[in-house]
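Notes follow once the structure below has been shown.
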Number of protein chains: 4
Amino acid sequence: MKKTLPEELVAKRTRILDAAARVFAEKGFHATTVRDVAQAAGVADGTIYNYFENKGGLLLGLIDPMSRGARGQVDPAALEGLSLRDFVQVHLLGPLKLFEADDFELFRVIVSELMVNRELRALFREHVLTPMTGLAEEAFGRWAEANGVPTPRAALTVRVLSSLVFGVILQRVMGDDLLTENWEALPGALADLLVGGLGGEAT
Amino acid sequence: MKKTLPEELVAKRTRILDAAARVFAEKGFHATTVRDVAQAAGVADGTIYNYFENKGGLLLGLIDPMSRGARGQVDPAALEGLSLRDFVQVHLLGPLKLFEADDFELFRVIVSELMVNRELRALFREHVLTPMTGLAEEAFGRWAEANGVPTPRAALTVRVLSSLVFGVILQRVMGDDLLTENWEALPGALADLLVGGLGGEAT
Amino acid sequence: MKKTLPEELVAKRTRILDAAARVFAEKGFHATTVRDVAQAAGVADGTIYNYFENKGGLLLGLIDPMSRGARGQVDPAALEGLSLRDFVQVHLLGPLKLFEADDFELFRVIVSELMVNRELRALFREHVLTPMTGLAEEAFGRWAEANGVPTPRAALTVRVLSSLVFGVILQRVMGDDLLTENWEALPGALADLLVGGLGGEAT
Amino acid sequence: MKKTLPEELVAKRTRILDAAARVFAEKGFHATTVRDVAQAAGVADGTIYNYFENKGGLLLGLIDPMSRGARGQVDPAALEGLSLRDFVQVHLLGPLKLFEADDFELFRVIVSELMVNRELRALFREHVLTPMTGLAEEAFGRWAEANGVPTPRAALTVRVLSSLVFGVILQRVMGDDLLTENWEALPGALADLLVGGLGGEAT
DNA sequence: AATGAATGAGTCTTCATTCAT
DNA sequence: CATGAATGAAGACTCATTCAT
C-alpha cells in the first residue's frame with residue numbers, strides 16, 4: 001500500500017473547503033487571501049493548489065456540497081399526503097434552512113460572486129438551481145396528480161416559490177428587521193398568503 | 001475671479017458616475033480599475049479623487065440616483081382607482097423596470113457588492129429599500145382604505161411583493177430561461193397568481 | 001506646461017534600461033528580480049511597469065540601443081580605399097568591439113535569452129542582425145566594385161564574417177584562454193587567415 | 001537477495017536524461033519543471049533526485065553523452081589521406097551534425113544555459129570543448145606532418161574552424177534564411193572559402 | 001529505490017492612492 | 001481643480017526540493 005489513502009486526501013480537501021467556507025463567510029471572497037484559507041485549514045499555501053485549480057476553485061468547490069444539501073432537502077414520498085398549504089410551506093422551508101446555518105454569511109459570499117462570476121453562475125445553475133427547480137416541479141406535479149388538482153402553470157408556480165425564497169433571504173440579509181423578527185413564522189405566513197391569495201382569507 | 005461654476009462640477013461628477021456605472025456594469029466592481037473609470041469619463045486618474053473619497057465612493061455615489069429612480073416610480077394618486085390585481089402589477093412592474101435598463105448588469109454589480117459591503121448596504125437600505133418599502137406600504141394602506149378592504153398584514157404583503165421582485169430578477173440574472181422568455185408577461189402572471197392564490201383560478 | 005517633460009521620461013526610461021543592462025549582465029536575466037532592476041535604477045518596483053510591459057520588455061528594450069550601436073559601427077565612405085585584408089579586419093573589429101564593453105557580460109545574457117525567447121529573437125534579427133548583415137553586404141559590394149574585384153558569393157562571405165565574429169566571441173565567453181590572451185591581435189590574424197586562405201601565405 | 005542490477009539503474013538514469021533532453025529542447029530549461037521531466041520519463045518527481053543532485057544536474061548530465069558524441073565524430077586514421085579542403089570539410093561537418101539531430105533545439109538550450117551558468121560552462125569546456133579542440137589540433141598536426149605542410153598557427157586555425165561552426169549554427173538558429181536554405185552545401189562552400197581564401201579561387 | 005503530497009520561499013504584477021507641477 | 005507619474009503594499013501562484021511511507 002504505497003499510495004496515500006484517497007480518504008485522507010478527500011478529508012484534507014474537505015478540511016480546506018470547510019476552512020474556505022468559514023473564512024469566506026467571515027471576510028468575503030475578495031478580502032480573503034489564499035493564505036487565510038491555508039492557515040485556517042492548517043496547511044501550507046501551496047497545498048491549496050494541490051487540491052484546487054486556483055482561488056476561484058475554492059468557490060466552485062463550495063457549490064457541490066451545497067447541491068447535495070439542496071437535493072437532500074425533499075422527500076418526494078412524504079409530500080403526497082400534504083395539503084397545498086403544507087406542500088408550499090415545506091418547499092419554502094427547505095431552501096430557507098439551507099443557508100440559515102451560518103446566519104446567511106455564506107449565502108452572501110456565494111451570491112456576491114454569482115452575480116459577477118460567469119463560471120460560478122453556470123456551475124451553480126447546473127448543480128443547484130436546475131436540480132432544485134426540477135425536483136420541485138416534479139414534486140408539485142406528483143402532488144397535483146395525487147390530489148386531483150389541475151396544475152396549469154406548474155413551472156411558473158415553482159419559480160414563484162424559489163424567487164420568493166431568494167428574495168426573502170436577500171431582504172433579510174439586507175437587514176430588514178421585520179423579516180428578521182418574524183423569521184420563524186415566515187414560511188407559514190408566506191404559505192398562507194400564497195395559497196389563499198392576497199385578496200383572500202388565509203388560515 | 002472666475003470660479004468654476006458648481007454646475008460644471010456637478011456635471012463632471014455626474015459624468016464620472018455615469019462612466020462608473022457603465023464600466024462597473026460591464027466588468028464588475030472589482031475587475032474595474034479606477035483608471036478604467038477615469039478613461040471612460042475622459043478625466044485623469046487623480047481627478048476621480050477630487051469628487052469621490054475612494055473607489056468605493058463611486059459605488060456609493062451610484063446609490064443616490066438609483067433612489068431617485070425608485071421614488072419616481074410610483075404616483076400615489078393614480079393608484080387609488082386600481083383593482084387589487086392592477087395595484088399589485090404596478091408594484092411589480094416598477095422595480096422590475098428600474099434595473100432592466102442595461103440588462104440587469106448594474107443590478108449584478110450592486111447586489112454583488114451589497115452582499116459584502118456593509119457601508120453600501122446601509123446606504124442602500126436607507127436610500128432605496130426603506131423608502132421603497134415605505135412608499136409601497138403607504139400606497140397599499142391608502143388603497144385599502146379607499147377600497148374598503150382590511151389590510152391585516154400590509155407590511156408582510158409588501159415584503160412579499162418586493163421579495164418576489166428581487167427573487168425574480170435574481171433568478172433571471174442567474175440565467176433562468178423560462179423567466180427570460182416570458183419576461184414581458186411576467187408581472188401580469190405574477191399579479192394573477194398572487195391575488196388569486198395558488199389554489200384558485202386567476203383571471 | 002503641465003505635462004512632465006518627455007525628456008525626463010525618456011531619461012528615466014534610459015536610466016531603467018541602463019540599470020537593467022547592468023544588473024542583467026551581473027546576475028543573468030532569470031536570476032535578476034524586477035526589484036533588483038528597480039533598486040539599481042533608483043525607482044519603485046511599480047515604476048518599471050510604467051515604462052515596460054513586463055520583465056521581458058526590459059530585455060527587448062535593450063535591443064534597440066544595441067542596434068544603434070551596430071549601425072554606427074561602419075562608415076561606408078571610408079571603406080572603399082581599403083585593401084581586402086583591411087576591409088575584412090574592419091568588419092571583424094566592429095562587432096567585436098560592440099560587446100567588449102562590459103567584458104561580454106551583456107552578450108552572455110542576450111544570447112542566453114535569444115536562444116530561448118522567440119520574440120526577442122525576432123526583434124534582434126530585425127533590428128540588429130539583418131541591418132548589420134545588410135550593411136556589410138552593401139559595403140562589400142561597393143568595395144568590390146570600387147576595386148574591380150568579382151564577388152561571386154558576397155552573401156556567403158558576409159555570413160562567414162559574422163559567423164566568425166559570433167563564434168569567436170562565443171568561444172571566448174566559454175573561457176578559451178588562447179583567444180583571451182591573443183584578443184587584440186585576433187582581428188588581424190583572422191583577416192590574414194581569411195584572405196589568404198588556410199593553405200596559403202597571408203598578406 | 002535481489003539487488004536491483006546497476007544496469008537497470010543506469011537505464012533509468014538514461015531514460016530520465018533522454019526525457020530531460022526532449023523536454024528541455026521543447027520548452028527550454030527554465031520553462032521546464034522537474035515534474036515535466038519526471039512525467040516525460042514516466043517516474044515520480046522525487047525519483048529524479050535519486051539520480052541527480054538537482055534540476056541543474058540534469059543539464060550537467062546532458063553534457064557527458066554529448067562529449068561522447070563529439071569524440072566519436074573523428075577517426076584520426078582516416079584523415080591523413082585527405083586533401084586540406086576535405087580535411088577542413090570533415091571538421092566542419094562533424095560538429096554541425098552533432099546538433100542537427102533535433103533541429104538544434106537542444107543546442108539552443110545548452111548554449112542558453114552555458115552563457116549564464118558557470119558550472120555548466122566549466123563542465124562543457126572540460127568534457128566537450130577542450131577534447132574537441134585537442135583532437136582537432138592533434139589531427140591537424142598529424143595531417144600536416146603526413147602531408148609535409150608547415151602549420152604555423154595550428155591552434156588558431158582550429159579555433160577558426162570551431163568558431164565558424166558555432167557561429168554558423170548560431171546564425172541559423174537565429175533564423176538566417178540563407179543559411180537554412182543552403183545548409184547542405186554549406187560545409188563544402190565554407191571549406192572552399194577557408195582553404196582558398198576570400199581573395200582567391202576555390203576548388 | 002520509488003513515490004507524490006506537502007512545503008513555503010520567492011516573484012511578478014496590479015492598482016488604489018498620493019502629490020508635485 | 002486637473003493631471004498622470006510615482007509609489008509600494010499586497011497577493012496569487014509556481015515549483016524545486018524534501019521526506020514519510
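Just so it is clear, the structure is predicted and the values come from calculations on it, not from any experiment. Naming convention: chains lettered A, B, ... in sequence-line order (proteins, then strands); numbering from 1 in each chain.
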Closest to the Leu9(D) side chain, choosing from dA6(E), dA16(F), dA1(E): dA1(E)
Whole angstrom value for the distance that separates C1' of dA16(F) from CZ of Arg35(D): 10 Å
Any side-chain donor near an acceptor of the partner, Asp36(A) and Thr33(A), under 3.5 Å: yes
Straight-line distance of Leu114(D) CG to Arg108(C) CZ, nearest 0.5 Å: 10.0 Å
Contacting residues from residues 37-49 of chain C, given that a heavy atom lies under 4.0 angstrom of DNA chain F: Val43(C), Ala44(C), Gly46(C), Thr47(C)
Lys NZ or Arg CZ of Lys55(C) over Tyr49(C) ring: under 6.0 Å, within 45°: no
Straight-line distance of Leu17(C) CG to Phe52(C) CZ, nearest 0.5 Å: 4.5 Å
Dot-bracket notation for DNA chain E, counting Watson-Crick and G-U pairs under 3.5 Å, with | for partners on another strand: .||||||||||||||||||||
Length of the line joining Phe52(B):CZ and dA16(E):P, which is rounded to integer Å: 15 Å
Rounded interatomic separation in angstrom, taking NE2 from His30(C) and P from dT14(F): 16 Å
dA2(F) OP1/OP2 closer than 4.0 Å to side-chain N/O of Asn50(B): yes
Verdict with reasoning, Val43(C) to Arg15(C), per side chain to side chain contact (heavy atoms under 4.5 Å, CB included): CA-CA 10 Å; Val43(C) 300; Arg15(C) 205 170 83 219; 3.5 Å; yes
Separation of atom CD1 in Ile16(B) from atom C1' in dT3(F), rounded to whole Å: 13 Å
Separation between CG of Asn54(C) and CG of Leu60(C), rounded to the nearest 0.5 Å: 8.0 Å
Whole angstrom value for the distance that separates P of dC12(E) from CG of Leu59(C): 13 Å
Length of the CG-P vector between Asn54(D) and dC15(F), whole Å: 17 Å
Rounded distance in Å - CD (Glu53(B)) to P (dA16(E)): 15 Å
Sugar-phosphate, base or nothing in reach of Tyr51(C), heavy atoms under 4.0 Å: sugar-phosphate
Gap between atom CG of Leu59(B) and atom CZ of Phe124(B) - 0.5 Å precision: 11.0 Å
Spacing of Glu8(A) atom CD relative to dA6(E) atom C1', expressed in whole Å: 13 Å
Parallel, tilted or perpendicular: ring planes of Phe29(A) versus Phe24(A), cut at 30 and 60 degrees: perpendicular
Donor-acceptor under 3.5 Å (Asn117(B) side chain, Glu119(B) main chain): yes
